[in-house]
Amino acid sequence: MKICTIIGARPQFIKAAPVSRALNAIPGMQECLVHTGQHYDSNMSDVFFTELGIPKPHRNLEIGSGNHGAQTGRMLEALERVMLEEQPDWVLVYGDTNSTLAGALAAAKLHIPIAHVEAGLRSFNKRMPEEINRILTDHAASLLFTPTDTATHHLEQEGIATSLIEQVGDVMYDAALYYGEIARQKSHVLDRLGLQPEGYILSTVHRAENTGDPKRLQAIFEGLQKVSSNIPVILPMHPRTRATLEKNGQLDLTQGITLIEPVGYLDMVMLERHAALIATDSGGVQKEAYFYQRPCVTLRDETEWVELVELGWNTLLTPNNGKQIADSILKQIGTSGRPENLYGEGNSADLIARRLVQ
Ligand code: UD1
Ligand code: UDP
């Protein structure tokens, strides 16, 4: 059996790592790994292949950055060519990026069945590029692997046949368990940055609705700056955010915040595990805060991971006022939510691999 896996952006490398390992453990399974090249800096791409032991991609399409239409269009054309050559039995896509949608569209047009990992997430905000990508991908897929009850419910509400939906838990939880141990042994990031456990705030910011709006970006960085006069703030900066702050002439808003380059997953895990609190607009990082039982403030209007808000682990805050952001972060330090098993048993990758074989 031949599966063509399409990945391209940072969170997809992390999601694909446990699934690739599970697929490769199955006799007779052939995985053709295709990297679209959506992310290409070594600290946004190569580092994950090396650290997580992901097989070298069979193909790197080197699509790079661009406007949504141009980027997705270039991917679509290149992926169609690859799929025609490879003739896979299934195409496997992850999450909600432009690489996901291009992979799903290319496969759908060629009548190759699509399996979607992390299906059923919804923000109900169609201005988000990710919301369009995930809805279209779900409705093109033949097998939808959902991480949570909420995600399964969304698909049922949209009329997707229950026979196509497989609730398997979250592959990011698998990754957190497996690589979390390796990180403990291998990462020295706290020493390197001179950080004390629980003695700093970890922050990441990259989402289009924040980076695309100078007022929101200003509020976020003013808030983090205020926090940094109480407790150090460490921020591994996404290249999009750096480019935008430079373009807007807003870089001085980062004074007082410890900006570092994007880090590898093992260092990220250690930074998350020991943070006093995590303030982020990332989907993956919100969940990882919960995996490591850290309070989290999510700097967005809505979240797809609603159960974390309901259980009190995550505070959702529209980022339009710096003081409000600082107050919320400082108030949530030391808090925790109710414990509950939300994301499966840490065996999602095996369940996915077995189901694909069936
Ligand atoms: C993409 C996804 C987003 C996901 C994020 C994970 C889409 C529409 N968005 O957003 O859902 O949360 O990845 O990180 O697919 N850049 C570099 N080097 C790189 C990659 C990007 O400098 O290796 C810069 C470029 O200026 C580029 C910008 O970042 O224009 C945005 O990159 P892009 O991949 O288009 O979107 P992300 O914001 O990374
Ligand atoms: N991550 C990382 N290094 C960083 C920032 C994030 O390894 O400097 C990891 C993080 O631990 C999580 C994933 O990248 O597993 C989240 O990706 P991102 O925030 O880019 O995208 P999103 O999840 O919002 O789509």
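Side-chain atoms are counted along with the backbone in the values below, which use heavy atoms only and exclude waters and symmetry mates. One-based numbering, in listed order, for ligands and for the atoms of each. Count residues from 1 along the sequence.
Each of Arg242, His238, Met237 was compared with Arg240 under the side chain to side chain contact (heavy atoms under 4.5 Å, CB included) criterion, and only His238 meets it.
Remark: ligand 2 and Arg207 share an N or O pair separated by less than 3.5 Å (distance only, no angle test). Taking distance alone, with nitrogen or oxygen atoms compared against 3.5 Å, Asn98 approaches ligand 1 more closely than that limit. Annotation: Arg10 places no N or O atom under 3.5 Å from an N or O atom of ligand 1; distance criterion only. At under 3.5 Å, a nitrogen or oxygen of Arg10, whether backbone or side chain, sits near a nitrogen or oxygen of ligand 2. For the pair Thr97 and ligand 1, the shortest N or O to N or O distance does not fall below 3.5 Å.
Nearest protein neighbour of atom 36 (O) of ligand 1, counting heavy atoms only, is Arg240 NH1, 3.5 Å.
No more than 12 heavy atoms of other residues, nucleotides or ligands lie within 6.0 Å of CD in Gln196, so this atom counts as exposed by the packing criterion.
Using bins of under 30°, 30° to 60° and over 60° for the plane-to-plane angle, the ring pair Trp305/Tyr343 lands in the perpendicular bin.
Checking Ser348 against Asp170 by side-chain atom types alone, no donor-acceptor pair falls below 3.5 Å.
Considering each of Gly264, Ser282, Gly95, the one bringing a non-hydrogen atom nearest atom 18 (P) of ligand 2 is Ser282. Comparing Glu131, His238, Gln38 against atom 7 (C) of ligand 1, the shortest heavy-atom distance belongs to Gln38. If you check each of Arg207, Glu130, His206, Met128 against atom 11 (O) of ligand 1, the one with the closest non-hydrogen atom is Glu130.
In this structure, Arg242 does not count as a contact residue of ligand 1, since none of its heavy atoms falls inside 4.0 Å of the ligand. For the ligand labelled ligand 2, residue Glu272 lies inside the 4.0 Å heavy-atom shell. At a 4.0 Å cut-off, at least one heavy atom of Pro11 sits close enough to ligand 1 to count as contact. Residue contact check for ligand 2: Met172 places a non-hydrogen atom closer than 4.0 Å to it.
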Step by step, would you call Lys15 with Glu118 a side chain to side chain contact (heavy atoms under 4.5 Å, CB included)? CA-CA 9 Å; Lys15 291 166 198 174; Glu118 213 181 62; 3.1 Å; yes

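If you number the atoms of ligand 1 from 1 as listed, the ones under 4.0 Å from a heavy atom of Ser65 come out as 25 (C), 27 (C), 30 (O).
Under the 6.0 Å cut-off for aromatic ring centres, His39 and Phe48 do not qualify, their centroids lying 6.0 Å or more apart.
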